[in-house]
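Worksheet: one structure, shown below.
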Amino acid sequence: MTTLEQSYTLCRSLNRRHGTTYYWAGFVLPAVKRHHVWALYAFCRFADEIVDAPGWRSVDDRRAALDRLAERFFTDLAAGRSEHPVLKAVVHTVHAFDIDAGLFRRFLRSMAMDLTVERYETYADLEDYMDGSASVIGEMMLPLLEPSSPEAVRPARALGEAFQLTNFLRDVGEDLDRGRVYLPQEDLQAFGADPARRRVDPAWVALMRFEIERARALYAEAERGIPFLPPSSARCITTASALYGGILRAIERNGYDVFSTRARVPAVRKAAAVGRALLAARWPSTTAVSPAPVGGPTPR
């Protein structure tokens with residue numbers, strides 16, 4: 001039987017292996033909250049692996065597995081406990097912070113969309129998908145961050161959307177390999193860009209510049225939620241935003257080539273950002289944490 005400690009440890013390993021930015025930023029939170037971040041991330045990753053991991057025989061098999069996960073999770077959630085190696089920690093976290101179960105239904109709806117939807121005609125269509133795949137993650141995390149006002153909800157949703165759009169821009173090539181295009185078709189047509197060509201031509205550069213500015217506008221909207229957060233939560237979100245924003249700057253440094261190279265923020269920069277945030281927590285009067293950069297490229 002898996003203990004609660006073992007379940008949280010498993011969630012931590014999933015976070016460390018697959019979500020390094022979240023993992024590093026989580027260390028800025030007090031130790032009593034970090035494992036809850038790991039649990040929520042692990043739930044999302046567990047579902048995502050059903051949708052994207054190789055080895056499944058068919059879409060129907062993936063759908064059935066996703067349905068089984070949903071049934072197990074909501075049954076265990078209603079019971080208030082779970083013996084599943086991952087869900088044990090997730091159920092504990094959801095109850096500890098009274099997180100709305102409806103958020104998980106919205107998330108699983110978007111995961112199911114990935115089984116059949118390969119293109120999104122408009123940005124509004126993409127936003128419908130991102131409501132469950134990204135914006136809802138911001139809402140899940142918000143109880144852990146303990147905001148002082150409901151006005152923090154919209155910025156939290158914007159941050160989730162900003163992270164997701166950043167991932168879409170970084171992972172264009174990988175998504176093509178899965179048969180998916182997350183950039184709106186209306187944008188591709190407007191710029192005359194075609195990711196299937198896997199070529200960084202002027203049309204592609206113009207499209208990427210447009211989408212990057214769209215993502216930066218979302219980061220700027222997310223910043224408006226910082227004043228509603230206690231200091232430790234504000235430092236965590238600021239750090240996560242700065243690290244994820246670094247992916248956009250890496251794409252720019254790579255000449256917008258997201259086909260032959262993966263935009264990354266080096267581990268040493270992640271560690272340094274976390275270190276600065278922790279230093280600010282210890283000596284707030286002498287060390288400041290700058291807000292996430294949302295303007296143009298900055299030096300590496």
Side-chain angles (χ1 to χ4, degrees), residues 1-27 29-57 59-115 129 131-147 153 156-157 160 163-164 233 236 240:
M1 181 182 295
T2 303
T3 67
L4 186 59
E5 182 179 2
Q6 289 170 333
S7 182
Y8 274 115
T9 298
L10 176 57
C11 291
R12 175 179 180 171
S13 68
L14 288 171
N15 199 166
R16 185 173 186 176
R17 188 180 316 125
H18 299 289
T20 56
T21 298
Y22 286 105
Y23 181 75
W24 281 97
F27 277 98
L29 288 173
V32 294
K33 290 184 178 180
R34 292 171 196 162
H35 57 294
H36 296 295
V37 174
W38 301 334
L40 293 177
Y41 177 88
F43 177 85
C44 297
R45 186 68 200 187
F46 195 76
D48 191 64
E49 285 293 291
I50 292 174
V51 172
D52 284 339
W56 295 85
R57 290 179 298 177
V59 170
D60 287 342
D61 287 342
R62 294 180 189 270
R63 183 179 291 106
L66 200 60
D67 288 344
R68 288 194 298 271
L69 172 64
E71 182 179 6
R72 175 72 181 270
F73 172 67
F74 290 114
T75 297
D76 291 354
L77 193 61
R81 60 190 298 276
S82 176
E83 295 307 323
H84 185 280
V86 171
L87 297 185
K88 191 180 191 78
V90 181
V91 168
H92 181 261
T93 288
V94 173
H95 280 283
F97 287 89
D98 195 25
I99 301 173
D100 181 6
L103 301 178
F104 295 87
R105 296 188 189 281
R106 284 160 52 198
F107 171 76
L108 290 169
R109 170 183 174 269
S110 287
M111 292 300 97
M113 288 173 67
D114 272 334
L115 298 177
Y129 168 78
D131 170 71
S133 70
S135 299
V136 78
I137 309 300
E139 294 181 65
M140 286 181 191
M141 295 289 181
L142 207 51
L144 279 63
L145 301 176
E146 299 182 294
V153 174
R157 287 176 51 81
F163 287 172
Q164 178 79 95
S233 296
C236 174

> Checking side-chain contact (heavy atoms from CB on, under 4.5 Å) for the pair Thr2/Leu10: CA distance, chi angles, key distance, verdict?
Replying inline: CA-CA 10 Å; Thr2 303; Leu10 176 57; over 6 Å; no
>> Using modelled atom types and a 3.5 Å cut-off, is there a donor and acceptor pairing between side-chain atoms of Tyr41 and backbone atoms of His18?
In response: yes
> Counting distance only, does the side-chain N/O of Arg105 pair as donor-acceptor with the main-chain N or O of Ala70 below 3.5 Å?
Replying inline: no
>> Can you tell me how far apart CG (Leu87) and CG (Leu77) are? Round to the nearest 0.5 Å.
In response: 9.5 Å
> Under the 3.5 angstrom rule, does the side chain of Ser110 hit a backbone N or O of Tyr129 as a donor-acceptor pair?
Replying inline: yes
> How many angstroms lie between atom SG of Cys44 and atom CG of Leu14, to the nearest 0.5 angstrom?
Replying inline: 11.5 Å
> Going through the distances and angles, do Val51 and Arg62 end up as a side-chain contact (heavy atoms from CB on, under 4.5 Å)?
Replying inline: CA-CA 6 Å; Val51 172; Arg62 294 180 189 270; 5.6 Å; no
> Can you check side-chain contact (heavy atoms from CB on, under 4.5 Å) on Leu144 and Ile99, steps first, answer last?
Replying inline: CA-CA 9 Å; Leu144 279 63; Ile99 301 173; 4.1 Å; yes
>> For the CG atom of Leu66 and the CG atom of Leu115, what is their distance to the nearest 0.5 Å?
In response: 6.0 Å
> From Ser133 OG over to Arg106 CZ, what is the distance, rounded to the nearest 0.5 angstrom?
Replying inline: 11.0 Å
>> For His92, give me all partners under side chain to side chain donor-acceptor pair (under 3.5 Å), at least two apart in sequence or on another chain.
In response: Tyr8
>> If the condition is side chain to side chain donor-acceptor pair (under 3.5 Å), which residues does Arg81 pass it with, not counting sequence neighbours?
In response: Glu83
> Short question: side chain of Thr75, backbone of Arg72 - any donor-acceptor pair under 3.5 Å?
Replying inline: no
> Is the shortest heavy-atom distance from the side chain of Leu40 to the side chain of Phe97 under 4.5 Å?
Replying inline: no
>> Quick one, Phe104 and Met140 - any side-chain contact, counting heavy atoms below 4.5 Å?
In response: yes
>> Run the side chain to side chain donor-acceptor pair (under 3.5 Å) test against Arg34 and tell me which residues pass, sequence neighbours left out.
In response: none
> Given side chains that start at C-beta, do those of Asp98 and Pro143 come closer than 4.5 Å, heavy atoms only?
Replying inline: no
> Which value, rounded to the nearest 0.5 Å, describes the distance between Ser82 atom OG and Leu4 atom CG?
Replying inline: 10.5 Å
> Are any of the side-chain nitrogens in Asp131 or Arg157 under 4.0 Å away from the carboxylate oxygens of its partner?
Replying inline: yes
>> I'd like to know whether Asp114 forms a side-chain contact (heavy atoms from CB on, under 4.5 Å) with Met111, so could you lay out the CA-CA distance, the side-chain angles of the two residues, the decisive distance to 0.1 Å, and finally the verdict.
In response: CA-CA 5 Å; Asp114 272 334; Met111 292 300 97; 4.2 Å; yes
> How are the rings of Phe73 and Phe43 set relative to one another: parallel (under 30°), tilted (30 to 60°) or perpendicular (over 60°)?
Replying inline: tilted
> With a 4.5 Å limit on heavy-atom distance, are the side chains of Arg63 and Ile50 in contact?
Replying inline: no
>> Tell me if a side-chain donor or acceptor on Ser233 pairs with a main-chain N or O of Leu145 at a distance below 3.5 Å.
In response: yes
